[in-house]
Structures are given as structure tokens and as C-alpha cells.
Amino acid sequence: MARPTDEQRREMLVDMVTARVQSQRTWNLQRQGQVGTMAPIEGHEATVVGAVHALDPGHDWVLPQYREPIALRRYGPEILEHVMLYNIGHPAGGHIPAPIRVLPYQISLATQIPHAVGLAWGLTLQDDPGVVLVFFGDGSSSEGDFYEAGNLAGVLGAPVIFLCVNNQWAISTPVHRQTAAESFAAKAAAFGFPGVQVDGNDVDAVYDAVQTARERALAGQGPTLIEAVVYRLGPHTTADDPTRYVPAEEIEAAQGRDPVLRLCAELEEAGLWDDAVQAEVEAAALTALDAAFEAAKSTPLATDAMLDHCYTEDTQRLARQRAGLLAGAGHSGVGPDGVVGSHA
Amino acid sequence: MARPTDEQRREMLVDMVTARVQSQRTWNLQRQGQVGTMAPIEGHEATVVGAVHALDPGHDWVLPQYREPIALRRYGPEILEHVMLYNIGHPAGGHIPAPIRVLPYQISLATQIPHAVGLAWGLTLQDDPGVVLVFFGDGSSSEGDFYEAGNLAGVLGAPVIFLCVNNQWAISTPVHRQTAAESFAAKAAAFGFPGVQVDGNDVDAVYDAVQTARERALAGQGPTLIEAVVYRLGPHTTADDPTRYVPAEEIEAAQGRDPVLRLCAELEEAGLWDDAVQAEVEAAALTALDAAFEAAKSTPLATDAMLDHCYTEDTQRLARQRAGLLAGAGHSGVGPDGVVGSHA
Amino acid sequence: MTELNMLEAINESLHAEMERDDRVVVLGEDVARTGGVFRATEGLFEKFGERRVVDTPLSEGAIVGASVGLAVAGLVPVAELQFLGFAYQAMHQIAGQVARLRYRTQSRFESAITIRAPFGGGVRTPELHSDSLEGQLANVPGLKIVVPATAADAKGLLASSIRDPDPVMFLEPLRGYRGIRGDVPDGEHLVPLGSARTARPGDDVVVIAWSHQVELACRASDHLAEEGLAVRVLDLRSLVPLDLTAIAEAVDSCGRVVVAEESPQTGGFGGEVVATVVEESFWSLEAPVVRVSGFDVPYPVGMVEDRYIPDEDRIAAAVRRVLDVA
Amino acid sequence: MTELNMLEAINESLHAEMERDDRVVVLGEDVARTGGVFRATEGLFEKFGERRVVDTPLSEGAIVGASVGLAVAGLVPVAELQFLGFAYQAMHQIAGQVARLRYRTQSRFESAITIRAPFGGGVRTPELHSDSLEGQLANVPGLKIVVPATAADAKGLLASSIRDPDPVMFLEPLRGYRGIRGDVPDGEHLVPLGSARTARPGDDVVVIAWSHQVELACRASDHLAEEGLAVRVLDLRSLVPLDLTAIAEAVDSCGRVVVAEESPQTGGFGGEVVATVVEESFWSLEAPVVRVSGFDVPYPVGMVEDRYIPDEDRIAAAVRRVLDVA
Ligand SMILES: Cc1ncc(C[n+]2csc(CCOP(=O)(O)OP(=O)(O)O)c2C)c(N)n1
Ligand SMILES: Cc1ncc(C[n+]2csc(CCOP(=O)(O)OP(=O)(O)O)c2C)c(N)n1
Ligand SMILES: [Mg+2]
Ligand SMILES: [Mg+2]
């Protein structure tokens with residue numbers, strides 16, 4: 001069993017507390033109408049942080065769904081600015097600067113899973129000694145993409161780790177209506193590689209499972225499916241009202257298993273954490289978030305930014321649309337002069 | 001174990017021999033340019049026939065892929081005419097008359113699998129005591145549709161039997177490049193219902209497995225995945241050259257397990273079959289096929305038949321296109337008079 | 001008559017159709033216990049029970065594919081896709097199966113399937129939640145494409161869609177759910193598929209539009225009326241079947257045409273409308289037809305989406321443009 | 001120059017590009033050991049080995065989805081879909097991911113992916129093997145849509161597509177694989193994307209076409225030449241980027257326009273071409289533009305498909321029709 005060191009556990013708790021506090025602040029910003037719909041992290045912290053701490057950011061890739069990016073601090077502080085740009089709806093929110101080996105938010109559920117397989121396969125073709133870890137939810141596991149990707153990965157023996165974050169819900173749909181399988185880990189039998197279930201509130205267990213999977217992958221033994229069992233402690237997103245469907249007893253019980261409080265208590269007991277540290281970490285988290293938010297808001301936005309990065313070079317038509325947009329009137333029809341909407 | 005009676009075994013052999021002979025004659029017709037590309041049945045006879053003999057044609061539905069229809073004789077002799085209409089490329093080839101509980105050929109691989117789940121679910125909603133059996137190949141099992149359908153069926157507990165015909169090949173792709181799973185049956189673990197592997201050359205084993213699955217389904221115990229292990233004894237289709245990829249030893253060994261010869265030998269030993277019967281069955285099969293072929297060829301084909309059955313009533317535009325087609329010139333542009341292409 | 005928003009009108013129609021025909025079943029992600037993420041299916045689960053109102057696993061392909069099987073069984077499925085952008089996950093079933101069930105089986109089976117999905121921008125959604133795919137779907141023969149613009153039509157067209165023996169993609173403007181209100185007839189209300197509606201009369205220019213663009217075109221028409229221009233607005237209501245007669249009549253009366261849509265310009269349904277105008281009424285045209293549309297890039301993020309969607313000013317500019325021309 | 005059919009030209013181009021750039025990998029169903037069901041990838045596996053030429057499981061979604069990951073890794077995937085009709089199985093990856101990788105990541109990653117697929121009718125295939133989906137794909141921003149009509153262009157456009165940093169749907173006319181032959185330049189041969197080609201000169205009427213319809217339009221032009229008509233044929237070669245200049249030039253010269261395509265009429269790319277013609281050259285038009293197309297039903301079965309696809313007679317009839325008009 002690969003056990004994180006005390007120092008690592010402390011760092012992990014810093015990341016977990018940071019993620020939670022930043023997620024909560026973002027929630028408040030949404031309530032004030034300053035950012036768009038967001039999906040809070042509460043309950044997922046140990047899983048995301050434990051997993052990425054078992055990886056080597058210099059070599060290993062992380063492909064998130066949409067709940068994880070705020071907890072990927074270990075991959076670089078720049079990610080927080082990406083998160084805030086994304087949250088305010090700025091086009092640059094999709095850009096995570098090289099060489100950070102993280103892909104942006106994925107909204108089309110499960111589509112990132114075959115990407116992970118292709119990327120892992122690509123690494124082996126280039127003799128790049130990295131692995132790819134892809135996050136996805138219990139709900140997303142019902143998409144064909146998950147299965148097609150798992151099956152392909154099995155055949156290729158690609159160095160990929162499938163991390164299913166089972167938080168018991170896909171919006172209002174509980175896991176027992178998501179699948180009749182014994183567990184999400186059990187689905188690995190369809191692909192011919194190991195599937196393991198871990199307590200996703202136990203950061204050490206997640207760390208260990210990912211470490212083990214990573215070593216297998218690097219040794220050429222192929223993929224692993226890990227199911228991290230957690231509980232979504234907040235609403236699905238800022239647009240959701242879970243009181244309509246989450247049983248009160250269930251959420252109360254889950255709060256008793258809160259992954260942040262759990263690690264906090266353990267580290268306090270071990271003399272590695274106290275209220276002062278907690279306060280310091282929280283303050284730093286908020287400062288960083290506020291800075292990222294300000295930086296995001298002051299990121300320039302050209303009038304025609306939304307037309308950039310679609311094609312390497314604008315097509316003839318897009319160039320005319322751009323000219324029309326810049327001419328100030330949107331493009332309401334294309335004239336032979338290449339200027340559109342300029343009659344307005 | 002549900003064992004077929006002697007009489008049933010005899011009937012099954014009749015169907016198997018009939019299917020093989022008819023498939024071979026169709027192959028010849030293709031070679032003479034009289035029918036289109038076809039996929040021969042050789043090697044699949046025991047699986048298809050054994051399966052449908054375990055069903056009740058009055059209640060249970062069969063959803064084929066494309067290799068099975070010629071072996072569905074038990075569901076009604078009309079199916080042979082459907083097969084020949086289909087093979088000559090006649091639009092009516094899609095029409096299997098009610099009340100036969102069989103859907104037509106499916107070319108878009110695996111798409112029929114969710115149909116089976118919806119149909120099975122629909123039967124329960126209507127308190128119709130039938131089950132649905134859906135055929136698909138080892139290759140088709142890699143499509144998302146298979147997994148999405150399996151998972152949904154598990155959740156609904158729908159009365160459906162998934163029959164994966166593992167004939168070792170998907171065109172030129174061997175099973176070990178199709179999946180790394182231990183077996184196709186093992187994939188049922190992803191759905192939470194039983195998966196069983198049977199020798200698809202053993203008609204009794206197939207019959208038994210389908211019977212058992214059917215009883216489970218009718219008892220409200222939900223779906224079963226059956227993998228029938230066979231070997232594709234012929235080319236993929238008339239357009240394929242398997243000598244490019246099938247190892248000679250492998251096909252020779254497989255010929256030694258020929259499902260038709262096997263049952264023949266067993267029934268001969270039991271005094272239930274002899275050369276005279278065989279000759280009679282073959283002759284009857286050919287007579288039936290030739291009759292179906294002639295009937296298909298003489299099935300009327302209206303000039304505008306290809307425009308029928310798309311919408312319940314033609315849209316305004318389709319009505320104009322029809323008028324143009326009937327006016328004799330195809331529709332090369334639509335005029336306000338509703339007549340198209342009439343200038344030609 | 002009761003004043004309702006589009007969401008309420010849709011919900012009312014679903015209740016009425018489930019009441020009327022017990023073959024109607026509703027399925028999709030989060031449609032049952034929580035009544036849909038927008039509450040379009042609110043109350044159905046409580047009223048019609050778990051056999052007829054079903055939360056499915058998160059698989060668009062299976063939702064649509066199972067609907068085909070339900071239709072074969074003789075039921076009338078009303079499937080919900082949470083957002084039209086995720087129709088891509090089910091395109092093989094929508095275009096390859098739902099659209100062809102009747103054709104493939106030569107009318108042995110009807111494909112009496114309705115697939116509801118919200119689409120269109122304006123409410124700051126994440127990626128693929130606002131995309132306008134109706135132009136792509138319109139190229140799939142066998143489907144009907146219904147695109148209501150008012151609350152009354154949402155009710156009446158949905159009822160007709162569910163009763164239609166052919167499959168219907170019923171596309172609901174996300175921005176209209178709460179943003180569009182209007183008087184809705186009480187009780188049974190049916191609007192036939194394939195008949196366009198004159199949303200504003202006028203003979204100077206006609207703006208041809210559908211879904212939320214109709215609302216914007218009407219606003220543009222109202223503004224331009226103050227300048228003395230009579231801008232007709234033709235609400236197509238369904239793209240397939242397309243009301244060729246109404247298009248010809250409007251173009252013949254006005255002679256000048258603007259087509260407004262949210263989709264990217266290239267390959268959008270607007271091109272089909274222009275081609276239709278040319279085929280039906282070329283000799284009536286007094287100026288080139290102008291398309292107002294989204295841009296040829298993916299539907300963008302929140303901060304810039306208002307620049308992407310044609311608004312009433314862009315529509316008005318296009319109207320002036322077609323009038324400016326000799 | 002060597003005379004080749006389109007299949008040979010494609011195969012030659014694949015060999016050359018794999019030779020030239022070792023980041024190029026080929027993946028798909030049956031592409032490696034058996035060289036593709038049409039032999040387009042013949043010999044690649046033997047020459048470049050199992051790391052670069054890969055038979056995948058039967059999953060179009062995974063083939064295309066994995067290509068996105070390969071592109072992120074810096075490779076240049078050339079994926080094959082066995083038939084374009086099965087692009088529907090991968091539409092969420094094609095339209096939602098491949099087309100947007102650059103846009104989503106704001107140019108951090110290039111989506112240098114080429115997806116090859118045969119399409120179009122005429123060879124008596126089963127369902128969904130002959131469907132023309134280019135009009136639907138053209139509405140997906142981010143994709144380039146390349147549709148060669150000659151063997152030389154198949155070679156030169158494929159090389160350009162593979163080298164293009166943007167994703168390309170490279171659509172090969174099934175009937176042209178063996179049915180279209182022609183002189184192909186030896187050695188490196190590049191044809192830029194986005195430039196149309198005049199396949200036949202002429203100033204009386206222009207037929208705008210792509211893929212196999214170009215061949216038929218040329219035959220129609222040759223026949224009509226005997227009647228003294230000079231019918232220009234404009235081969236678009238790529239639908240995205242669309243060569244607006246060439247279209248305007250041809251329409252301005254000829255004044256009369258026919259658009260020929262195999263797709264169902266409603267929502268086909270032909271509508272986009274008509275709209276473009278109207279936008280670019282309305283005042284040059286001397287007659288309504290006429291579309292020749294497939295019908296608004298699914299691509300039909302073998303016995304009737306010849307009635308479905310526009311042939312040279314239907315194209316010729318349309319040419320006469322646009323000439324008949326005042
Ligand atoms: C393909 C697709 N279908 C539907 C949606 C709408 N949707 C967004 S989140 C969500 C639930 C996801 O559940 P899960 O994967 O368990 O992740 P969680 O939110 O629980 O972390 C749904 C249905 C989507 N974004 N993409
Ligand atoms: C969705 C889809 N993808 C690809 C094809 C092309 N294709 C036709 S048959 C076939 C192989 C099918 O293999 P399997 O399911 O094992 O059936 P078998 O032919 O072996 O009976 C392929 C790839 C298709 N028809 N449909
Ligand atoms: Mg979840
Ligand atoms: Mg097979």
C-alpha cells in the first residue's frame with residue numbers, strides 16, 4: 001500500500017480546504033450575479049486531490065469533467081485563473097497554458113473518456129512516459145462513450161486511469177436508477193482490466209489506488225477503473241434545488257463523512273494541523289481566488305474574440321462576418337464588398 | 001436443463017439445413033448478379049435456430065442483425081419472401097407482415113439493441129406476456145448502443161434476452177482486437193444481470209440457455225446476456241475475401257465443429273435423420289427459395305414506390321417531388337405549379 | 001384563455017395528452033421525480049405514476065433507441081433531451097432509426113415518437129446547451145421539425161406533435177420558457193403542423209423566422225412601424241413540413257425578404273429558406289434576400305453570446321438593407 | 001503523370017503522407033490487416049507497422065474520440081469511417097469535440113484530424129451506406145468539408161487535408177473509387193482547400209456541383225455541347241471553406257445556375273449554394289436557380305436508387321429549364 005507521507009497529507013489538506021473555500025466563494029459570486037452557473041465541489045475534495053497528488057504533473061495528464069478543475073491546484077496556480085475566466089464566461093476560459101497537462105472543463109458528458117484513451121495511446125506512440133487520468137461521474141458512466149473508451153483502452157493496453165466519481169447522484173437521478181450493476185468498479189469486467197472501489201472520502205485510499213493504477217500503467221499492464229464512492233454534499237449546480245429529491249437523512253449521514261473534516265481531524269490529532277493553519281489556508285485561498293477573479297475580469301476581450309480560434313485562418317465567409325461584426329452592426333447579410341450589416 | 005424433445009430437435013435440424021441451403025443458393029444468385037451483397041449464415045445455424053425454437057412466436061419478439069433472417073423460418077414462411085425482396089433490393093423487403101413478431105434486417109450495427117429494450121419495456125407496460133430476443137455480433141458489442149441498452153435494461157428489469165453471436169470475426173477484426181474482456185458474456189457484469197456463455201454449435205445448449213433466460217424474464221427477473229460461441233464458416237459477405245486474414249488452420253478446425261453436421265450426425269445416430277430425409281429437406285428448401293425469389297421478382301414496383309412510407313402524408317414538397325418523378329423526368333427544380341422537371 | 005409562459009403551456013399540453021391517451025409515456029433524464037431541469041414535466045410523475053413517467057439513465061442514445069422499441073410496441077413515447085446539443089449523442093438513433101421506422105418497415109410500424117428539447121441561446125449556458133441544430137435535423141427525411149414561437153403555439157403544436165403518427169423533433173426556445181408569455185386557449189387546442197403564421201402584417205418587407213427569432217423580428221417590426229415601415233413577420237412554426245404556400249404568398253406580397261435564424265450561417269436552415277424563396281417567387285424579388293444569423297463559429301460563451309445571436313437591431317438593419325437596394 | 005482510379009490515388013496519398021510525417025497514424029475498422037473494405041489503406045500496415053496503422057474495435061465514437069486524444073498528444077490522426085452513414089454514431093465527437101478542440105482550448109491544441117469516409121450512391125449498398133450528409137456537416141463550425149471529384153484532386157486534396165491543422169471531413173465518392181479514373185501527378189501534389197475548379201468552361205449556364213455529381217454534370221455538359229450550349233461546370237471541391245469568389249465569377253458570367261447534389265433536397269448543401277449565389281450575384285441572375293437533388297426520403301434500396309440520384313439527364317433537363325425561362 002502506497003501511503004502518502006505526513007508532508008503529502010498536509011499538502012493534500014491544504015488543497016482540499018483551498019478548493020472548498022474557493023468553491024464556496026464562487027458560489028457566493030454566482031448568487032451575486034457575478035459569475036455564471038457553477039457546480040460546487042463539496043464532497044469531492046478528497047477524491048480529486050488524492051488522485052492528482054498520486055500523479056506526476058510533469059508527465060501525467062488530467063482530464064476533468066466540470067466539478068474538478070477548482071481542485072487541481074497541484075497542477076499549477078494558473079488553473080485558478082482559468083477557472084474564473086471560465087466562470088465569468090470569458091472565451092479565454094478554455095485556455096490552460098502549456099505545459100500544464102490538464103484539459104479544460106468538459107460539458108458534453110463522457111466525451112472526454114475516449115479522449116483520454118487516445119491521449120494515453122499517443123503518449124506510448126511517442127515514448128512519453130506519462131499516464132492519463134480521466135474523471136467522470138456515476139451518471140456519465142451510462143454514456144456509450146465510457147464503454148467504448150473502456151473497451152478500446154483494454155484492447156490497446158493504454159496507460160489510462162478511469163476515475164469514476166460516484167457521488168450517488170446525476171442531478172436528481174440516484175445511482176440505483178443509473179445502473180443495476182453491483183458497483184461502477186464492476187463495469188471493468190466488460191473491458192478486461194481491474195476495477196477497484198475505494199472510499200472517496202479517504203484521501204489516503206484514493207492516493208493509494210491511483211498510485212497503484214499508475215504503476216500498473218507505467219509498467220505496461222494497461223488501464224484501471226477506479227470508483228471513488230463519495231456523496232454530493234451540495235446541490236448539483238447553482239441552478240438546482242436538491243431538497244426536491246435528496247432525502248434529508250441521507251444528506252445528514254453524508255455530512256458525517258465529510259472528507260475535509262475527516263482529514264482535518266486526522267491531521268489535528270497527528271499535530272499537523274490546527275485552527276490557525278486552517279485560518280491561514282482559508283485566507284490564502286480567498287486571496288488567491290479574489291486575485292484570479294479580478295485578473296479574469298480585467299482580461300481583455302476584443303470585439304471579435306468569439307470568432308478567433310475556430311479555424312487556423314478565417315474562411316472567406318468568416319472573414320466577412322468578422323468584418324461585419326467589427327463594422328459594428330453584426331452581420332446582417334453578406335455583400336460582395338465583404339462588409340456585412342454596414343447599412344445599419 | 002430444458003432439453004428439446006426429439007421432435008423439436010428434428011424440426012430444428014430441418015430449419016438449420018433449410019437455412020444453410022437457402023443461404024448457399026442465395027450466394028449463387030449473388031454470383032450470377034441476381035441479388036445484391038449478402039451475408040451467408042454458415043456456422044450460425046444452431047445458434048439462430050436453437051434460440052428461436054425456445055421462443056413462443058405468438059408472444060415473443062425477435063430482432064435480428066443481418067445474418068439471421070434467413071434462419072427465422074419458425075416465425076413464419078412469409079419471412080423467406082421478405083428475405084428475397086430484401087436481397088433483390090425491393091422496397092417491400094422491409095415489410096414483414098403482422099402479426100409476425102420479427103423486425104427487419106438491421107444494418108446500422110447495434111442500433112437494434114436499445115429497440116429491444118424499449119420493446120420489452122413496452123410489452124410490460126401493456127401487460128403483454130412476451131419477451132424480446134435481440135441478436136448482435138461480437139463486433140457490434142463494441143458499439144455504445146449495446147452498453148447503453150444493457151445498462152438501461154438492467155435498471156428497468158425489462159424482459160429481454162441479449163444474444164451475442166460471437167463468430168470470432170467482425171469482417172477482418174478478430175475477437176482479441178475487439179475486446180480484452182474475458183468473454184462477451186462477462187460484459188453482463190456492467191449491467192447487473194447474468195451473462196452466460198454457451199457453445200453456439202450445440203443447438204441443445206442454445207435452446208436451453210434461451211429457455212432459461214426466457215423463464216427468468218417472464219418471471220420478472222429481468223434480462224440475460226447470452227454469448228453463443230460459433231465460428232463464421234464463410235466470408236463476411238459476398239464482397240469479402242477472408243483468405244486475406246483468416247488463418248487456414250483456424251477455419252479448418254472450425255469446419256470440424258460445423259453445427260449442421262454435428263446435429264445431423266446426432267440425429268442419424270438416434271435414427272431420426274437419414275440421407276433421404278436430408279435430400280427431401282434440401283429439395284423443399286430450394287423449392288421454397290426459388291418460389292420466394294420468383295414472388296419477389298414479380299412483386300409490383302410503382303415508379304414512385306421509393307417515396308412511399310416516409311411520412312404518413314406527403315409534405316407539400318414531397319408531393320411536388322412525387323409529381324415531378326411521375327411526370328417522368330426526376331425532379332429537377334420545383335415550379336410554382338407543383339410540377340417538377342417537366343421542362344425536360 | 002389563460003396567460004401562460006411557454007413552459008407552463010408545454011406542461012399543460014403534456015398533462016392533457018397523457019390524460020387523453022394512455023399510450024403516451026414520458027421518458028428522459030430527470031423528467032420524473034424532479035419534473036425536468038426546467039420543470040417542463042412537473043407533476044406528471046405524481047399524476048401518471050412511475051410506469052408512464054420514467055427517469056432514465058444518462059444515455060441519450062438509449063432514451064431515443066428505447067423510444068423506437070416503445071413505438072413498435074404501440075406506445076406513444078415523448079422523450080426529452082435535456083438540451084438539443086446532446087442530440088448529437090443520439091443522432092444515429094434519431095436520423096438512422098426514429099426517422100426511418102415507418103420507411104424501413106414500409107408502414108408496418110408507425111414512428112409516433114416526439115422528442116422534445118430546449119435550444120437556442122440567451123441564457124448564459126455552458127457549451128452545447130444553446131446550439132441551434134434544426135438545419136441539420138431538417139436534412140433528415142422522415143422527421144418533422146417543429147419550432148414554436150409563442151405560448152399558445154407551444155401548447156397547440158405539442159399536442160399535434162404527440163398525436164402525429166410521424167416522428168417530431170419538438171424544439172423549445174430556452175429563452176422563451178420564462179421569457180415568452182401570452183394568452184393560451186383553455187382546453188383542447190391543436191395547431192396543425194406545416195402551417196406558417198403571420199406574426200405581424202405588412203407589405204414592405206417580410207422577415208421569415210422561427211422560434212425565438214420571431215419574437216425579435218416582431219420587436220424589430222414594431223420599431224420600424226414607428227418609421228412608417230410595414231414589416232411582415234412570417235413565423236414558420238414548422239420547418240418540416242415547410243409551408244411553401246405561405247412563403248410564396250408573403251414573398252409575392254412584399255418583394256423583399258430577410259431570413260433570421262440563430263444557427264451559424266453556413267448550412268443553417270436559412271439557406272433552405274432562401275432557396276425556397278428563389279424557387280417559389282424569384283420573379284417577385286426586388287432585392288437580394290438577406291440572411292441574419294449566428295456566425296460560423298461554435299455557439300460561444302456567456303460574455304459574448306449577445307454579440308452572436310441576431311438581435312432586433314441586426315434584424316432591423318437587414319430590413320433597411322433590403323429596402324436600400326434598388 | 002500516371003492514370004489512376006480514385007482509390008489508387010487516395011492510397012498513394014496516404015502512403016506519401018505517412019512517409020513524409022511520422023506523426024501521421026491511421027485508425028479505423030478493418031484498415032490495417034485487410035487494408036480497408038475498399039482497400040484504400042492497402043499496404044500501410046505492412047509498410048508502417050502496427051503502431052501507426054491500427055484496426056480498432058467496432059466503435060465509431062471511440063475511433064473519433066480517440067483521435068481527439070491523439071491530436072492532443074501531437075499526433076496527426078487519419079481516421080476512417082467505413083461509411084459516412086455511420087458518422088451518426090460519432091456525431092457527438094465529430095461536431096461536439098473534433099470541430100471544437102482548437103476553439104475550446106483557444107488554440108492551445110490543434111485539431112489536426114482527418115476523417116475519411118466514402119459516401120454517395122450508385123453501387124447498390126444496404127441502408128445508410130450511401131447517404132449524403134455533407135449538408136449537415138457543413139453546419140458544424142470548425143470542420144472543413146472536402147469533396148473531391150477527380151483522382152488527381154483526391155490525391156492532392158487528401159494531402160492538403162492531412163497537413164491542414166484544422167479538422168477535415170474528407171468525403172470520398174463510393175462510385176468514384178473504381179468508376180473515376182484520370183491522370184494523377186506523380187510525387188508531391190497538393191491542391192489547396194477552398195478553391196473551386198472549372199471542370200468545363202462555358203458561359204450559357206453554370207452547373208455547380210461537387211463529388212460524383214461533377215462527373216455527371218460534365219457528361220451533361222458534353223451532351224449539351226452537341227446542341228450548341230456552353231454549360232460551365234464548377235466543381236466546388238470543398239464546401240467549407242467555400243470559394244465565394246469562384247461562385248460569384250461563374251454566376252456573373254453565366255447568369256443562369258443549376259445546383260446538383262445527391263442529398264435530399266430539404267436542408268441539403270444545395271440550399272446554402274443558392275443562398276450564396278443570391279448574396280453574391282443576385283443582380284446577375286437571369287432566371288431562378290434550380291436545384292437538382294435527391295428526394296425528401298431516406299436513401300432508398302438498390303432497385304430504385306437510380307431514380308433517386310440525379311443523373312446526367314436530370315441535370316440536362318434542369319439546364320434546359322433555366323434556359324427556357326424568360
Ligand atoms: C451528454 C450530456 N447529457 C446531458 C447533460 C446534462 N447534464 C449535465 S450534468 C448532468 C449529470 C451528471 O452526473 P454525473 O456524471 O454523476 O456528475 P456529477 O454532476 O454528479 O458530478 C447532466 C445530465 C450533459 N451535460 N451532457
Ligand atoms: C454502425 C456500423 N458501423 C460499421 C458498419 C460496417 N460493418 C458491417 S458488418 C461489420 C462487422 C460486424 O461484425 P459482427 O457484429 O461481429 O457481426 P458478423 O458479421 O460477424 O455476424 C461492419 C464493421 C455497420 N454496418 N454499422
Ligand atoms: Mg454524480
Ligand atoms: Mg462477428
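Here is the naming used below: chain letters follow the sequence lines, and residue numbers restart at 1 for every chain.
- The two residues A/Ala302 and C/Arg307 come nearest to each other via the heavy atoms O-NH1, 3.3 Å.
- How far OH of C/Tyr88 is from OG of A/Ser108: 10.5 Å, rounded to the nearest 0.5 Å.
- Only the side chain of C/Val54 has a heavy atom closer than 4.5 Å to any heavy atom of chain A.
- When every heavy atom of C/Glu127 is checked against every heavy atom of A/Ile107, the shortest pair comes out as O-CG2, 3.3 Å.
- Residues C/Leu58 and A/Gly139 approach most closely at CB-O, 3.3 Å, considering heavy atoms.
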- So A/Gln321 and C/Gln265, side-chain hydrogen bond (donor to acceptor under 3.5 Å, both in side chains) or not? Walk me through it. CA-CA 9 Å; A/Gln321 293 176 356; C/Gln265 183 175 43; 2.8 Å; yes

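- For the side chain to side chain donor-acceptor pair (under 3.5 Å) with A/Thr173, the lone residue among C/Asp30, C/Thr56, C/Asp55 that qualifies is C/Asp30.
- A pairwise comparison of heavy atoms in A/Arg177 and C/Pro57 identifies O-CG, 3.6 Å as the closest pair.
- The interface of residues 268-275 of chain C with chain A, defined by heavy-atom distances below 4.5 Å, is empty.
- Here the shortest heavy-atom pairing between C/Asp296 and A/Tyr311 reads O-CE1, 4.1 Å.
- No side-chain donor-acceptor contact under 3.5 Å links A/Ser142 to the backbone of C/Ser59.
- Heavy-atom contacts from other residues, nucleotides or ligands closer than 6.0 Å to CD of A/Glu313 number 12 or fewer.
- The 12-atom threshold is exceeded at CD of A/Glu78, counting heavy atoms of other residues, nucleotides or ligands nearer than 6.0 Å.
- Taken from CZ in C/Phe295 to CG in A/Leu325, the straight-line distance is 4.5 Å, to the nearest 0.5 Å.
- Only the side chain of A/Tyr86 comes within contact range of chain C, with heavy atoms under 4.5 Å apart.
- Among C/Arg124, C/Arg39, C/His129, the residue with the largest count of heavy-atom pairs under 4.5 Å with chain A is C/Arg39.
- When heavy atoms are compared at a cutoff of 4.5 Å, C/Val258 does not approach chain A at all.
- Put simply, the side chain of A/Ile171 reaches to within 4.5 Å of the side chain of C/Gln82, judged on heavy atoms.
- At a 4.5 Å heavy-atom cutoff, C/Glu305 makes no contact with chain A through either its backbone or its side chain.
- The minimum heavy-atom distance between C/Val301 and A/Gly89, with the atom names listed, is CG2-O, 3.0 Å.
- When each of A/Gly137, A/Pro91, A/Gly93 is scored by its heavy-atom pairs under 4.5 Å with chain C, the top score falls to A/Pro91.
- Counting heavy atoms of neighbouring residues, nucleotides and ligands inside a 6.0 Å radius, atom CD of C/Glu50 does not exceed 12 of them.
- The contact between A/Thr111 and chain C is made entirely by side chain atoms (from C-beta outward), counting heavy-atom distances below 4.5 Å.
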